[in-house]
Protein chains: 2
Amino acid sequence: MDTNSTTQHTPSQPTNLINCQTCRMSNLCLPLAIDAQELYKLDELIRHSNPLQPRETIFSSGTPFTSIYAVRSGSVKSFFIDPDNHEQITGFYLPGEIFGWDGIAEDQYQTTAIALETSSVCEIPYDKLEQLSDTLPEIKRHVMKLISREINSDQQFIALLAGFSAQQKLASLILSFSDRMARQKRSPTRLWLPMSRIEISNYLGLTIETVSRVFGRLHKNNILKVNKREVEILDKKRLENLTTTSGN
Amino acid sequence: MDTNSTTQHTPSQPTNLINCQTCRMSNLCLPLAIDAQELYKLDELIRHSNPLQPRETIFSSGTPFTSIYAVRSGSVKSFFIDPDNHEQITGFYLPGEIFGWDGIAEDQYQTTAIALETSSVCEIPYDKLEQLSDTLPEIKRHVMKLISREINSDQQFIALLAGFSAQQKLASLILSFSDRMARQKRSPTRLWLPMSRIEISNYLGLTIETVSRVFGRLHKNNILKVNKREVEILDKKRLENLTTTSGN
DNA sequence: CGTAAGTTTGATGTAGGTCAACGGCCGTGG
DNA sequence: CCACGGCCGTTGACCTACATCAAACTTACG
């Protein structure tokens, strides 16, 4: 399974038909100004694994850090288990998004990541990525931007948790999903949420009942059409207003 | 002020008497297995600025990203200003800690950072750091660990905000400060908080009244001795218990 | 068609927010 | 020296957004 990262860039034996060259998401996880030869080198080090079953673990908290991962299809959640055995979700990841950075600091993952649905992810061995970034400064710079972006989104989320009401939190989550669907060139108004109410409420620091009630209210006000995990945004303008303090 | 980062490692003209070789905090921000020559190279690129006044700005949200910063003495807070003009603090930084990573992704700072008290910080121009890390892999690896550590602490904090009660939040904050004082080889029990109640409450997603009341309660229970910004930890064990869900 | 898991809805409780008053500390100015 | 006002923190009375508890309903699957 381990392909040597030689300096050659022959397409190499196709352990898998999947590769970055043809990946619809590569413009998201790799928006690089690198040429085809360089893309081959990158592609060689990435392991395109078989599809993951729903709930299947990608990595576990406390195990040795080896790789970062990009979502290819489906979706992933990452979470802590507190000492008192309470799960706290720290992020949802959609196609084109990268996760696993938390493992670098201590050489072991600090969170556990599992697939929310049938998903496929690209495994990027970190040592190989480091080597490659030595010769390709473009890659190195891009990696730094990706990791900085993770910090930014975490801090945005801190602001959300610290200062927002239940309605503001939920509206922000829906809008975030909408934006990320748009980045995937998918409909930004007709969403299918890959996570349960329990997971939404855990992530937002609320209870399932509150999440359900807020969804109900947004539905009744014709801002969303909500049916279980199907959410349609009917009035994006008003939804955005709800995320501001002034917006009721 | 701009020192050329030559490959020579003469001690160079002392634009300032301060340097990494003699910094008490360098073991925190630079716990590197690098030799003296390499340390010179690193030291050459760092700008040791004059002391900052309380409330003085280090960088502002939206301005071009140039450098990351290490706290040398004093303390720093970083914060967003939401569109609705509400401030949200995202972090407090103590001596030996590094901030400013949020600027990398978009080439401009996403937060504003100001000194909480009279402080001094070391400015580390990011382009120079990138150059240096090309030749010193040890530096590169360390930078990645530092930035990953920022992600970890942000995610720990997300778990805190999402799942904890007012008392758990405040107890965790005090213990975090205690640990970080210990890392500075300072008393972990007698703390002086560099931020106001307003700033604590903003950071923790509470109100000043609640923060005050919880402090009052911890004081009454002989867990803390609280007098304005002076906090003494009287019973660390019980304080730690309070941070768990089971611990009432 | 029975059981279980997820979601919704209603009734009630409470942690923490809001509003208001007060007290200590400090700098300025008479 | 004291009087003053502004800022910060504390304390009390009250209120509300959300949690908790409880029950029904919906869907998936053996």
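To find a chain, count down the sequence lines: A is the first, B the second, and so on, and within it residues start at 1.
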Next item on the list: Taking side chain to side chain donor-acceptor pair (under 3.5 Å) as the test, write out the residues that go with A:Asp107, two or more places apart.
Entry: B:Lys145
Note to self: Angle between the end axes of the helix from C:dC1-D:dG30 to C:dC26-D:dG5, five pairs per end, to the nearest 10 degrees?
What the structure shows: 30°
Note to self: Can you list everything that forms a side chain to side chain donor-acceptor pair (under 3.5 Å) with A:Glu106? Sequence neighbours excluded, please.
What the structure shows: none
Only pairs under 3.5 Å count here: list side-chain donor-acceptor contacts from residues 224-234 of chain B, not counting sequence neighbours, and write none if there are none.
residue  : atom : partner  : partner atom : Å
B:Arg229 : NH1  : B:Pro194 : O            : 3.3
B:Glu232 : OE1  : B:Arg190 : NH1          : 3.0
B:Glu232 : OE2  : B:Arg190 : NH1          : 3.4

Next item on the list: Taking ring-ring contact (aromatic ring centres under 6.0 Å, His included) as the test, write out the residues that go with A:Tyr126, two or more places apart.
Entry: A:Phe65
Notebook entry, point to check: Taking NE2 from A:His219 and P from C:dT8, how many angstroms apart are they, rounded to a whole number?
Noted result: 11 Å
Note to self: Just the rounded figure in Å: distance from P of C:dG17 to CG of B:Asn202.
What the structure shows: 12 Å
Note to self: According to side chain to side chain contact (heavy atoms under 4.5 Å, CB included), who are the partners of A:Thr63, at least two apart in sequence or on a separate chain?
What the structure shows: A:Ser60, A:Tyr109
Item checked: Beyond-backbone contact of B:Asn202 with B:His86, side-chain heavy atoms, under 4.5 angstrom -> yes
Next item on the list: For A:Ile208 and D:dA22, give me the distance from atom CD1 to atom P, rounded to whole Å.
Entry: 14 Å
Checklist line | Min side-chain heavy-atom separation A:Phe80-B:Ile158 under 4.5 Å | finding: no
Next item on the list: Not counting sequence neighbours, list each pair that qualifies as a side-chain hydrogen bond (donor to acceptor under 3.5 Å, both in side chains) and has a residue in residues 210-224 of chain B.
Entry: B:Gln167-B:Arg217, B:Thr207-B:Thr210
Check: What is the distance, rounded to the nearest whole Å, between atom CZ of B:Arg55 and atom C1' of D:dC8?
Finding: 12 Å
Dump the pairs, protein N or O against N or O of nucleotides 19-25 of chain C, anything under 3.5 Å, distances to one decimal.
residue : atom : partner  : partner atom : Å
C:dC19  : N4   : B:Glu209 : OE2          : 2.9

Margin query: Applying side chain to side chain contact (heavy atoms under 4.5 Å, CB included), can you list everything that pairs with B:Asp179, at least two apart in sequence or on another chain?
Written below: B:Lys236
Next item on the list: Rounded off to whole Å, could you give me the CZ-to-P distance for the A:Arg197 and D:dT26 pair?
Entry: 15 Å
Check: In chain order, what residues pass the side chain to side chain donor-acceptor pair (under 3.5 Å) check against B:Asn152, with sequence neighbours excluded?
Finding: none
Note to self: If I take atom CE in residue A:Met195 and atom P in nucleotide C:dG6, what distance separates them, rounded to the nearest angstrom?
What the structure shows: 15 Å
Notebook entry, point to check: Atom NZ of A:Lys220 and atom C1' of C:dT8: how far apart are they, to the nearest Å?
Noted result: 14 Å
Can you check nucleotides 14-16 of chain C for protein contacts, nitrogen or oxygen pairs under 3.5 Å, and list what you find?
residue : atom : partner  : partner atom : Å
C:dG16  : OP1  : B:Ala166 : N            : 2.8

Check: Does A:Thr90 have any side chain to side chain donor-acceptor pair (under 3.5 Å) partners at least two apart in sequence or in another chain, and if so, which?
Finding: A:Ser78
Next item on the list: Measure from CD1 on A:Ile200 to C1' on C:dT7 and round the result to the nearest Å.
Entry: 11 Å
